[in-house]
Structures are given as structure tokens and as C-alpha cells.
Amino acid sequence: MNQTILIVADKRDFHAAAVSEALKKRGEKVEWIDFTDLTESCHMSLSIEQQPNAKIISSSGHPVELSEVKTIWWRRPKSPQENSELDDDTRNFVHGEWEHFLESFEAFVPGVKWVNRPYANRIANRKGFQLTSAKEAGLRIPNTLMTNDPSAVRSLADRGIPLVYKRIGGAPRPITATKELLPSDLNRLDSLTQCPAIFQERIEASMDIRVTAIGHDLYAAEIDSQSGSSQLDWRFDHSVPFRPHSLDQETSNSIRKVMEKLEICYGAFDLRLTPEGEYVFLEVNPSGQFLFIELLTEIPLTEHMAAYLSLSK
């Protein structure tokens, strides 16, 4: 019977460390692989003979028995760092080879529970897929424009809709803030042709809502963002109150539909609750952080995640 839970994450990842300890306290066998070790003491081989087979030698030198793995937690793994002595062309080549190699791993470990499947994570990270899935699931989304066309932004602004803008991609450090589109910004839109961005209707809020979705279970926290110094983007002010929040059934069902459409079983959803009491979907991070929510609300998300990872497929 498969018993092992494999965590694929950076060895410095606090979330992986917290959940790993919780799993061990539950009596689970845990293996932790950091792909950045692959250029040193850790090795991986993917082979196909009679059937696909993956073999990993951990950094401690022992083999990870993938045939005994029941769950893989794909927790923001990083690729190995290319040798700094290589020239740019060679480094780009090496980076691409690592990327293709590591993204192939999923195909060689069939029959296990993934949280989340890497291919699903890649799709779910794309704002376009998130927003269209949310709208199809019945959630309200802001009027949205993703473009590198300055005239398209000016046309939207001419309609008198208050707008915000932000990056289309994810948010590695340093985090880039969501900002209000000011009249003065319209004069510097010509540079947009070189790099697209996302422009959205500004949603007035009574509060922001963070929903940590783990399997079928949803754990919501309300953020009193409008009382703080970063009303457009609560990530920049954690001094405001964070409290557990109760979602209505219709919104909960819609969030679960989004997860089904994106084929994910974990996600951190950001919503805004309008003064009229309507939930508006902003985005979902399929590898979103949750420890800060646990610390600020006392919702035991680490235990909930450990319990979910412990379940068989």
C-alpha cells in the first residue's frame, strides 16, 4: 500500500517545513525533494521501457521509492541554478533543458494524488484562464482588459470607469502593487507597446476576502483592508484586522466550480466584498501562501493541508 507523501519544494520553504512537521506528527512518512540540489547530491532519471519509470536519489544518498508515494505536493519547486561561468547562450540552453526535464516528471509518476498537477498549476496561473473560468462559474469579475495597445486603454478610460492596473503574471519578490490608473498615467502609455499589462474596473470594497481552498473545503478570511493604508492592495498592510469569514453557499459552490474548471485541488482565492454585499473574483494563486492567514486568524490551515495530503487519491 502506498504510504509516502512526497514534497517537492525549496528546502527553505516555510510552508513545506510546517506541513512536513504536521504530517510527521500524524505518523506519515514524508520525503522532501529540492530540485535545486539536482546539480549536486540529488539526481533524477526518467526512463521508458515496458512502462514509464522515475528514479530519484535524494541529497542524503538514499533512493526515493516512488512506487510507494501516494501524494505529491508540488509546492513552488525551483529549477537548479545554471553555472554562472557559462555564457548567456549556453545558460539559456541549460535553463531550457532543465525546464523540459522537470516538467516531464509528472508523466512518469502516474496514479498518485497531485496537489496540484504541474500542468494544471501552469494553466491556473494565467490570469486569462482564471478570469474566464470564474465568469463561467457564476462569479462576478471586474471589467478587464489585457493589452499592449495604448489606444485600447485610453478608450476604456474614456468611458469614465475608474480603473486599476497590475502585472499579468505572478508575483515573485519584489511584489508589484495594484495601482489606480490616474489621468497622468494616460500620458505615458506609449511604453505599453513593449510590455503588456492588465487593466481592470476598480471594485469598491467593504473588505477583501482571502479563501484558502483545500480539496472541497474552503477556509475564508476577511481582511479589513479599507481601514488601513493600502486599500487597493491589502498585501502591503497586514496591520489591519484579519478574521474568519463565512461565505454564502452560492459563492462557495462557484469557487469549487472554478477549481474544477482549472483542475486544481488547492488554491488561494482573492475576492472583494462590495458595500452592497456582492463577492467579486479578482484572482486565484494555485500555489498561494497560507501561513500568514493562519497566524492572523488562527484558522489551522497547516493541519487542514496535512490532513488533505494524508488522504489517498
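Put simply, CZ on Arg256 and SG on Cys265 are 14.0 Å apart, with the number rounded to the nearest 0.5 Å. In this structure, CZ in Arg210 is found 9.0 Å from CZ in Arg235, a value given to the nearest 0.5 Å. Note that CG of Leu273 and CE of Met207 are 6.0 Å apart. Values are rounded to the nearest 0.5 Å. The CE atom of Met44 sits 9.5 Å away from the CZ atom of Phe108 when rounded to the nearest 0.5 Å. Taken to the nearest 0.5 Å, the NE2 atom of His238 stands 11.0 Å off from the CG atom of Leu295. Once rounded to the nearest 0.5 Å, the distance linking CD1 of Ile214 with OH of Tyr219 reads 5.5 Å.
Electrostatic pairing of Glu263 and Lys261 does not count as a salt bridge here, judged by no charged N lying under 4.0 Å from a carboxylate O. With respect to the salt-bridge test (charged N to carboxylate O, under 4.0 angstrom), the residues Arg154 and Asp190 qualify. Look at Lys11 and Asp37 and you find a salt bridge, because one of the NZ, NE, NH1 or NH2 atoms lies within 4.0 Å of a carboxylate O, short of that distance. Glu65 and Lys55 are not joined by a salt bridge, as no carboxylate oxygen comes within less than 4.0 angstrom of a charged side-chain nitrogen. Salt bridge status for Arg76 with Asp10: absent, with no side-chain N to carboxylate O gap under 4.0 Å. A salt bridge is defined here as a Lys NZ or Arg NE, NH1 or NH2 lying under 4.0 Å from an Asp or Glu carboxylate O, and Lys29 with Glu68 meets this definition.
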Could you go through Leu38 and Leu102, starting from their C-alpha distance and side-chain angles, then the distance that decides it, and tell me whether this counts as side-chain contact (heavy atoms from CB on, under 4.5 Å)?
CA-CA 10 Å; Leu38 282 172; Leu102 298 178; 3.6 Å; yes
List the steps and the verdict of side-chain hydrogen bond (donor to acceptor under 3.5 Å, both in side chains) for Thr193 and Asn148.
CA-CA 5 Å; Thr193 59; Asn148 77 324; 5.9 Å; no
Asn285 and Asn125: side-chain contact (heavy atoms from CB on, under 4.5 Å), yes or no, with the steps?
CA-CA 6 Å; Asn285 186 337; Asn125 257 322; 4.2 Å; yes
Test Asn121 against Ser287 for side-chain hydrogen bond (donor to acceptor under 3.5 Å, both in side chains), laying out the working first.
CA-CA 8 Å; Asn121 254 23; Ser287 299; 3.0 Å; yes
Test side-chain hydrogen bond (donor to acceptor under 3.5 Å, both in side chains) applied to Thr144 and Gln200, step by step
CA-CA 4 Å; Thr144 298; Gln200 291 182 308; 3.1 Å; yes
Go through the steps to decide whether Val153 and Leu181 satisfy the test side-chain contact (heavy atoms from CB on, under 4.5 Å), and finish with yes or no.
CA-CA 10 Å; Val153 181; Leu181 186 70; 4.0 Å; yes
Carefully, step by step, assess Ser225 and Asp237 under the rule side-chain contact (heavy atoms from CB on, under 4.5 Å).
CA-CA 8 Å; Ser225 55; Asp237 184 5; over 6 Å; no
Please evaluate residues Thr251 and Asp248 with respect to the criterion side-chain hydrogen bond (donor to acceptor under 3.5 Å, both in side chains), reporting the C-alpha separation (whole Å), side-chain torsions for both, the decisive distance (0.1 Å), and the verdict.
CA-CA 6 Å; Thr251 302; Asp248 63 70; 3.0 Å; yes
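Connection of Leu282 to Met146 is not established within any shared hydrophobic cluster, with ILVMFWY side chains joined at heavy-atom distances below 4.5 Å, either directly or through further cluster members. Leu156 and Ile141 fall into different hydrophobic clusters, where Ile, Leu, Val, Met, Phe, Trp and Tyr residues are linked whenever their side-chain heavy atoms come under 4.5 Å apart, directly or through other members. Note on Val109: it does not cluster hydrophobically with Ile57, by side-chain heavy-atom contacts below 4.5 Å among ILVMFWY residues. In the hydrophobic clustering of ILVMFWY residues, with side-chain heavy atoms under 4.5 Å counting as a link, Leu262 and Val211 come out together. Hydrophobic clustering, with ILVMFWY side chains joined whenever heavy atoms are under 4.5 angstrom apart, keeps Leu131 apart from Ile161.
Residues Ser230 and Phe236 come closest through the heavy atom pair OG-CB, 3.6 Å. Here the closest heavy-atom approach between residue Val258 and residue Ala134 is recorded as CG2-CA, 3.7 Å. Here the shortest heavy-atom pairing between Trp32 and Ala9 reads NE1-O, 3.0 Å. The two residues Glu303 and Ala22 make their nearest non-hydrogen contact at OE2-CB, 3.7 Å. Across every non-hydrogen atom of Pro142 and Phe281, the tightest pair is CD-O, 3.2 Å. Contact detail for Arg75 and Ala16: the closest heavy-atom pair is CG-CB, 4.3 Å.
Between the side chain of Arg272 and the main chain of Ile203, a donor-acceptor pair closer than 3.5 Å is present. In this structure, the side chain of Glu294 engages the main chain of Leu301 through a donor-acceptor pair within 3.5 Å. Of the possible polar contacts, one joining the Lys127 side chain to the Ile168 backbone as a donor-acceptor pair under 3.5 Å is found. Judged by distance alone, with hydrogens and angles left aside, the side-chain atoms of Arg243 form no donor-acceptor pair with the main-chain N or O of Ile223 at under 3.5 Å. A donor-acceptor contact shorter than 3.5 Å is absent between the side chain of Asp233 and the backbone of Ala177. Panel note: side chain Lys70, backbone Leu311; no donor-acceptor pair is recorded below 3.5 Å. Using modelled atom types, one side-chain atom of Thr297 and one backbone atom of Ile293 make a donor-acceptor pair closer than 3.5 Å. Checking side-chain atoms of Ser133 against main-chain N and O of Gln130 turns up no donor-acceptor pair under 3.5 Å. Side-chain atoms of His15 come within 3.5 Å of backbone atoms of Phe290 as a donor-acceptor pair (strictly under, hydrogens ignored). No side-chain donor-acceptor contact under 3.5 Å links Tyr119 to the backbone of Glu106.
Two residues are said to be in side-chain contact when any heavy atoms from C-beta on lie closer than 4.5 Å; Ser310 and Ile5 meet this criterion. Using a 4.5 Å cut-off on side-chain heavy atoms (C-beta onward), Val164 and Leu232 make contact.
By the neighbour-count criterion of 12 heavy atoms within 6.0 Å, atom NE2 of His62 is densely surrounded, having more than that number from other residues, nucleotides or ligands. Annotation for Phe129: atom CZ does not count as buried by contact number, only 12 or fewer foreign heavy atoms lying within 6.0 Å. Under a cut-off of 6.0 angstrom, the local environment of CD in Gln226 is crowded, with over 12 non-hydrogen atoms contributed by other residues, nucleotides or ligands.
No hydrogens or angles considered: nothing links the side chains of Thr147 and Asp149 as a donor-acceptor pair under 3.5 Å. No donor-acceptor contact under 3.5 angstrom links the side chains of Ser47 and Ser45, judged on distance only. Side chains of Asp224 and Ser227: a donor-acceptor N/O pair is present below 3.5 angstrom, by distance only. Looking at Asn253 and Gln249, their side chains do bring a donor and an acceptor atom within 3.5 Å of each other.
In this structure, Trp98 has its ring center at least 6.0 angstrom away from the ring center of Phe105.
In this structure, Lys166 is not positioned above the aromatic face of Phe199 in the sense of NZ or CZ being under 6.0 Å from the six-membered ring centre and within 45° of the axis.
For the salt bridge (charged side-chain N to carboxylate O under 4.0 Å, His left out) with Arg140, the qualifying choice from Glu250, Glu276, Glu201 is Glu201, the only one to do so.
Ring orientation note: the planes of Tyr279 and His245 are nearly perpendicular, at an angle over 60° on the 30°/60° scale. Between Phe242 and Trp234, the two ring planes are perpendicular [angle over 60°; tilted spans 30° to 60°].
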